[in-house]
Amino acid sequence: MEREARRGEAETVRAVTRWYDENARDLPWRRPGATPWAVLVSEFMLQQTPVERVREPWARWLERWPTPAALADSPSGEAVRAWGRLGYPRRALRLHGAAVAIAERFGGEVPADLDDLRSLPGVGSYTAAAVASFAFGRRAVVLDTNVRRVIGRVAIGEAYPGTSPTRAETAVAEAYLPDEPAVAARWAVASMELGAVVCTARRPRCEGCPVPERCAWRRAGYPEWSGPPRRGQTYEGTDRQCRGALLAVLRSSDSPVGPEELEAAWPEPVQRERALASLVADGLVVGPAPEDGGDEVRWALPGGRGAGTSAP
DNA sequence: AAGTCGTGGGG
DNA sequence: TCCCCAAGACT
């Protein structure tokens, strides 16, 4: 029974990887010349952000900071500025922090070991597995939202909701993972690609699927998600929107910004002050600067290397 | 462990 | 228009 199941999974792996050979998108971080650092940067940027929005910032980022050491030598605020409008700017801070850690603890080389990767700020179980697999060809369970959806549909017959992966889910994913590292790495990209372009969340293109006959979800007649309703994320008027508006002002200014400009970006005072305080707490914003001379209150992106801690 | 954290495009 | 959601991590 075990052998039977694993054989079926191996067949799925073969079919999906063959499909990938013919249908893979040409993404720059997948090209042979891409360094582990380039892959790591792409993974940070791709967290919750669509591929098409990442291409250009990724290229500019690596032009400017071709190595972890290069980024580590720049102020963290420059990373926040270069992050632009990718969203979730704390990722920029964490990527900078990861670069510092790589420079200090790993001799400037992106580590290949899962636990070492996970020790870096902003690197969770998905990103660690992705870098180990994509950059180093290691055998790792790469379980992102795409792969979860593919496995959920094919093996379980129902797509999972958007919470974090369960232990049971990881066990199913492990059953698919081929023994050979190179094959496992191939399966990781291929299954992710399938979820990204064919087995999509909305309007899946089942006509283009390499394994329709193996899909439990299709056999069951494409049932809707029967569990609890997904939590909708409102955005208008939230602190997140306010933070985004304030940070956009600071990003576009080369010099510290005074209260008038922040008021213009977000008139409501209570929420503005709360959001500003949270940005400072996160290390995304610093100020007022004491050495700035007068008692004028001004704010800026962080100038030092540390996240939140300014140099003396 | 549910909430928080940006931004923009497509159905 | 509105709603969904896109290679998650952290607390």
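From a predicted model like this one, the values you see are computed outputs, not experimental measurements. Note on naming: letters A, B, ... go to the chains in the order of the sequence lines (proteins, then strands), and numbering restarts at 1 for each one.
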Hey, does the side chain of [X] come within less than 4.0 Å of [N]'s phosphate (OP1/OP2), counting only N and O?
{"X": "A:T127", "N": "C:dA9", "value": "yes"}
{"X": "A:R85", "N": "B:dG8", "value": "yes"}
{"X": "A:Y235", "N": "B:dG6", "value": "no"}
{"X": "A:R149", "N": "C:dA6", "value": "yes"}
{"X": "A:R243", "N": "B:dG6", "value": "yes"}

Original post:
For DNA chain B, whose closest nucleotide is more 5', that of A:L86 or that of A:R203?
Top reply: A:L86

**OP:** Hey, could you give me each pair passing ring-ring contact (aromatic ring centres under 6.0 Å, His included) that has a residue in residues 25-64 of chain A? Not counting sequence neighbours.
**Re:**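 Residue pairs passing ring-ring contact (aromatic ring centres under 6.0 Å, His included), neighbours aside: A:W29-A:W58, A:W61-A:W65, A:W61-A:W83.
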
With heavy atoms under 4.0 Å as the rule, sort [X] into base, sugar-phosphate or nothing.
{"X": "A:S125", "value": "sugar-phosphate"}
{"X": "A:W83", "value": "nothing"}
{"X": "A:L27", "value": "base"}
{"X": "A:A130", "value": "nothing"}
{"X": "A:G124", "value": "sugar-phosphate"}

Subject >> Partner residues of A:E43 under the salt bridge (charged side-chain N to carboxylate O under 4.0 Å, His left out) criterion, sequence neighbours left out >> reply: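 For A:E43, no residue satisfies salt bridge (charged side-chain N to carboxylate O under 4.0 Å, His left out) once neighbours in sequence are set aside.
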
**OP:** Taking salt bridge (charged side-chain N to carboxylate O under 4.0 Å, His left out) as the test, write out the residues that go with A:E109, two or more places apart.
**Re:** none

Expressed as a whole number of Å, how far does the [atom1] atom of [N] sit from that of [M]?
{"N": "C:dA6", "M": "B:dC5", "atom1": "C1'", "answer": "15 Å"}
{"N": "B:dG6", "M": "C:dC5", "atom1": "C1'", "answer": "13 Å"}
{"N": "C:dA7", "M": "B:dG11", "atom1": "P", "answer": "14 Å"}

Specify the separation, in whole Å, of atom [atom1] of [X] and atom [atom2] of [N].
{"X": "A:Y126", "N": "C:dC10", "atom1": "OH", "atom2": "P", "result": "14 Å"}
{"X": "A:D239", "N": "B:dT7", "atom1": "CG", "atom2": "C1'", "result": "16 Å"}
{"X": "A:R91", "N": "B:dT4", "atom1": "CZ", "atom2": "C1'", "result": "14 Å"}
{"X": "A:R240", "N": "C:dA9", "atom1": "CZ", "atom2": "P", "result": "16 Å"}
{"X": "A:R118", "N": "C:dA9", "atom1": "CZ", "atom2": "C1'", "result": "9 Å"}
{"X": "A:D282", "N": "B:dC5", "atom1": "CG", "atom2": "C1'", "result": "8 Å"}
{"X": "A:R25", "N": "C:dA6", "atom1": "CZ", "atom2": "C1'", "result": "11 Å"}
{"X": "A:Q271", "N": "B:dT4", "atom1": "CD", "atom2": "P", "result": "13 Å"}

Subject >> Residue A:R25 excluded, over 12 heavy atoms near CZ under 6.0 Å >> reply: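 Atom CZ in A:R25 is crowded, with more than 12 foreign heavy atoms closer than 6.0 Å.
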
Subject >> A:E260 CD: over 12 foreign heavy atoms closer than 6.0 Å >> reply: yes

Original post:
Does any N or O in the side chain of A:R139 come within less than 3.5 Å of the main-chain N or O of A:E180, such that one atom is a donor and the other an acceptor?
Top reply: no

Original post:
Can any side-chain N or O of A:R272 pair as donor or acceptor with the backbone N or O of A:C242 at less than 3.5 Å?
Top reply: no

Subject >> Of the listed nucleotides B:dC5, B:dG10, C:dA7, the one nearest the side chain of A:R202 >> reply: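 Of the candidates, B:dG10 comes closest.
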
**OP:** Using a cut-off of strictly less than 4.0 Å between a heavy atom of the residue and any atom of DNA chain B, enumerate the qualifying residues of residues 36-58 of chain A by number.
**Re:** A:Q48, A:T49, A:R53

Subject >> 5' priority, DNA chain C, between A:D144 and A:R94 [closest heavy atom] >> reply: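 Looking at the nearest nucleotide for each, A:D144 comes out on the 5' side.
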
**OP:** Output the rest of the hydrophobic cluster of A:Y222: all Ile, Leu, Val, Met, Phe, Trp and Tyr residues reachable through side-chain heavy-atom contacts under 4.5 Å, sorted by chain and number.
**Re:**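 Members other than A:Y222 - counting any ILVMFWY side chain reachable under 4.5 Å - are A:W217.
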
**OP:** Hey, could you give me each pair passing salt bridge (Lys or Arg N to Asp or Glu O under 4.0 Å) that has a residue in residues 115-135 of chain A? Not counting sequence neighbours.
**Re:** none

